[in-house]
Amino acid sequence: MSTTVDDMSRRIGAMSSAELAGGRESRVTVGDVTCANPRMVCRDVDVFYGSTQAIKGVSLDIGKNEVVSMIGPSGCGKSTFLRCLNRMNDTIDGCRVTGSIKLDGQDIYDKGLDPVPLRAQVGMVFQKPNPFPKSIYENVAYGPRIHGLTNSKAELDEVIEGSLQKAGLWNEVKDRLDKPGTGLSGGQQQRLCIARTIAVSPEVILMDEPCSALDPIATAIIEELIDELRANYSIAIVTHSMQQAARVSQRTAYFHLGDLIEVGETNQIFTNPKHRLTEDYITGRFG
Amino acid sequence: MSNSQAAGAPPKRTIDVVNASLKRRYARERRFRLVGLAAVILGLTFVGLLFADIIAKGHTAFVQTYIQLPVTFEAQTLDPAGTRDPETLAGANYQAVIRDALRSEFPQVTERRATRALASMISVGAPSHLRDMVLANPDLIGTTREVWLLADDDIDMLMKGHIDRNLPESERRVKDQTVAWVEQLESRGRIEKRFNTIFFTTGTSREPELAGIAGALMGSFYTLVLTLLISFPIGVGAALYLEEFAPKNRWTDLIEVNINNLAAVPSIVFGLLGLAVFISIFGVPRSTPLVAALVLSLMTLPTIIIASRAALKSVPPSIREAALGVGASPLQTQMHHVLPLAMPGMLTGTIIGMAQALGETAPLLMIGMIAFIVDIPSGFTSPTTVLPVQIFLWADSPERAFVERTSAAIMVLLAFLILMNLGAVLLRRRFERRW
């Protein structure tokens, strides 16, 4: 996209005046953060790492049977926000979360709430495929086994087949379930991780750049999978690829330096962004 | 180089500069490799020399000289009442039986002093050997049997060439007449070296020919088993807690510094501590595998903890996240995923700690392991000694025959060490295969 001198000066002028006026430059979230049928409701979430604030007053709903994508430049806090949703940030020393995050009306940061069952309800797929160094079968069986979800070997086998099928991996691995999961290709490993996550039947699946380490073909398979999973789960996905966000999500949230800048229907965000920062990002002026 | 020349020369290409320095760089690399190789060769040479020396000195200890005599189990001497009562048989005078046997073998020796010298060719352990034979089979009484009797250590040394027959009589331990008797026995084929079972089946003794390594070997075995049982779970548990569960604050920093310091404390200090605390305060019996294991555990714990923490640190955090992400509790995450992955590293640390414990002498001297204990230990609380202390004690003994036994004991210690390490390596490989 070419930028004329005229265009440039207009933007600089807009920046300085808007800063004062608070319009297109304000850090108050633009767009509707709520949705009709919310599964998770986050309000005024602040996250601190020691004394630095990584997330500033973010409010966002994640609806049932929808995919919410979170985009933004590196270090904008989208992964941090995602990790708040199943309290993975608890494992980081000096990380402090304030505000309220509710799953089906229950505050997940409530003092009495145990993060272990929470993580069974809110599963997570990580940026780098991280299968356990065990067999494919054991990888998927681990979750159901520790939670005691199945009563018999037959039932467990069924869950494993179902999960692998949903993850689109069954046909590729059904003959070698006893082989190590780490021996699969990158794309297969990531699908194995997805199968592992859905084997415990969570209600929400968080995905932190699930395709960043994969080639376009593997990425396409996983995107298709995300679309199919939407029928049963709520999905929040962090991605660096705007095309991916456009392809898989119904709503998109744009983060910038710890602020949630704009939320809206994916179509609207990519075709008609309301905030200048969003526009700059999706048109490739920075980021 | 003058300015005009520099200006006139075409600008140098990068590749020319690289090529110019290449030779120097490769020469440096070659030098480094040579130095490394030299260091390895030097090290191997010294290890080779050490082994060669030990084996050369010690291999003769695995055979022992025996003398064959026609022993008549005289009923008159052994069981005059003819009751075959085991108590009578056990208390009978087997020395006299041997004396008679020697007299029949050397009828020409009649003088009193010479008879005594003749008797001293047979080990003082021989009578009890005959006693055991008779107790096992009382029907021997009244018969004459050819029996191989253990020779005295001086005869053994003479047979093995450690005492030179060509030296003048005044300069060697064995008198000319004894040498003559030995040569007589040799010509009759009644003296020979046989595999030394005594060395592997008995405890130590004042008599070199009766001294064995079994007591110390079993002592070391019991001590190490107990040390492993105490230090491995505590060490791994401590590492796991400090690395994964403990809050990172001033106290845990202090503990970490102290663990690192403990690893550098001289081992004899642990011996003093064991003496003062375990023996004096808690009344743990001294000279036992139990107290030795407690002291050695204290000594190996820092090694195990430090190695285990390093192993835990090297487990990729993505595995922890994966487990926590499907809802494993922190302890499940550690037990099911982190610990198995860290196990090979932990085992390496444990091997190092155990090898150190096996070879440790100084702290054990402080807790009474230096005592002269003949019995083979039967458990964790029976008095015993251990291999390195036994080596220390034998190396200190004046008899010539203890020299070869010292070397043989070192060989046994090394074999024990190699076996132990082999076991640990196999165990580690099993864990690694689950990767």
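Chain naming here is simple, since letters A, B, ... match the order of the sequence lines and numbering starts at 1 in each. Just so we're clear, the structure is a prediction, and the values are computed from it rather than from any experiment.
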Testing the basics here: between B:Ile319 and A:Pro131, what is the closest heavy-atom pair and its distance to 0.1 Å? CD1-O, 3.8 Å
If you count heavy atoms of other groups shown closer than 6.0 angstrom to CZ of B:Phe51, is the number above 12? no
Step-by-step side chain to side chain contact (heavy atoms under 4.5 Å, CB included) determination, A:Thr91 to B:Arg320: CA-CA 10 Å; A:Thr91 58; B:Arg320 293 184 181 86; over 6 Å; no
Heavy-atom pairs under 4.5 Å with chain B, option from A:Gln121, A:Lys128, A:Arg196 with the top count: A:Arg196
Determine whether more than 12 heavy atoms belonging to other residues, nucleotides or ligands lie under 6.0 Å from atom CD of A:Glu158. no
When you measure from the side chain of A:His147 to the backbone of B:Val326, do you find a donor-acceptor pair of N or O atoms at a distance under 3.5 Å? yes
If every non-hydrogen atom of B:His337 is compared with every non-hydrogen atom of A:Tyr142, which pair is closest and at what distance? NE2-CZ, 3.0 Å
In terms of heavy-atom contacts, A:Val116 and B:Ser329 come closest through CG2-CA, 3.7 Å
For atom NZ of A:Lys102, decide whether the heavy atoms of other residues, nucleotides or ligands shown that lie under 6.0 angstrom number more than 12. no
Search all heavy atoms of B:Leu324 against all heavy atoms of A:Arg119 and return the closest pair with its distance. O-CD, 3.0 Å
What heavy-atom pair brings A:Ile146 and B:Ala328 nearest, and what distance separates the two atoms? CD1-CA, 3.5 Å
Is it the case that atom CZ in B:Phe46 sees more than 12 heavy atoms from other parts of the structure closer than 6.0 Å? no
Rounding to 0.5 Å, atoms CG (A:Asn130) and CD (B:Glu321) come to a distance of 7.5 Å
Let me know if A:Arg145 has heavy atoms under 4.5 Å from chain B in its side chain, its backbone, both or neither. neither
Is A:Tyr109 atom OH crowded by more than 12 heavy atoms from other residues, nucleotides or ligands, each under 6.0 Å away? yes
Could you check if a side-chain atom of A:Glu138 sits within less than 4.5 angstrom of a side-chain atom of B:His336, using non-hydrogen atoms only? no
Nearest heavy-atom contact between A:Phe132 and B:Ala322 is CE2-CB, 3.7 Å
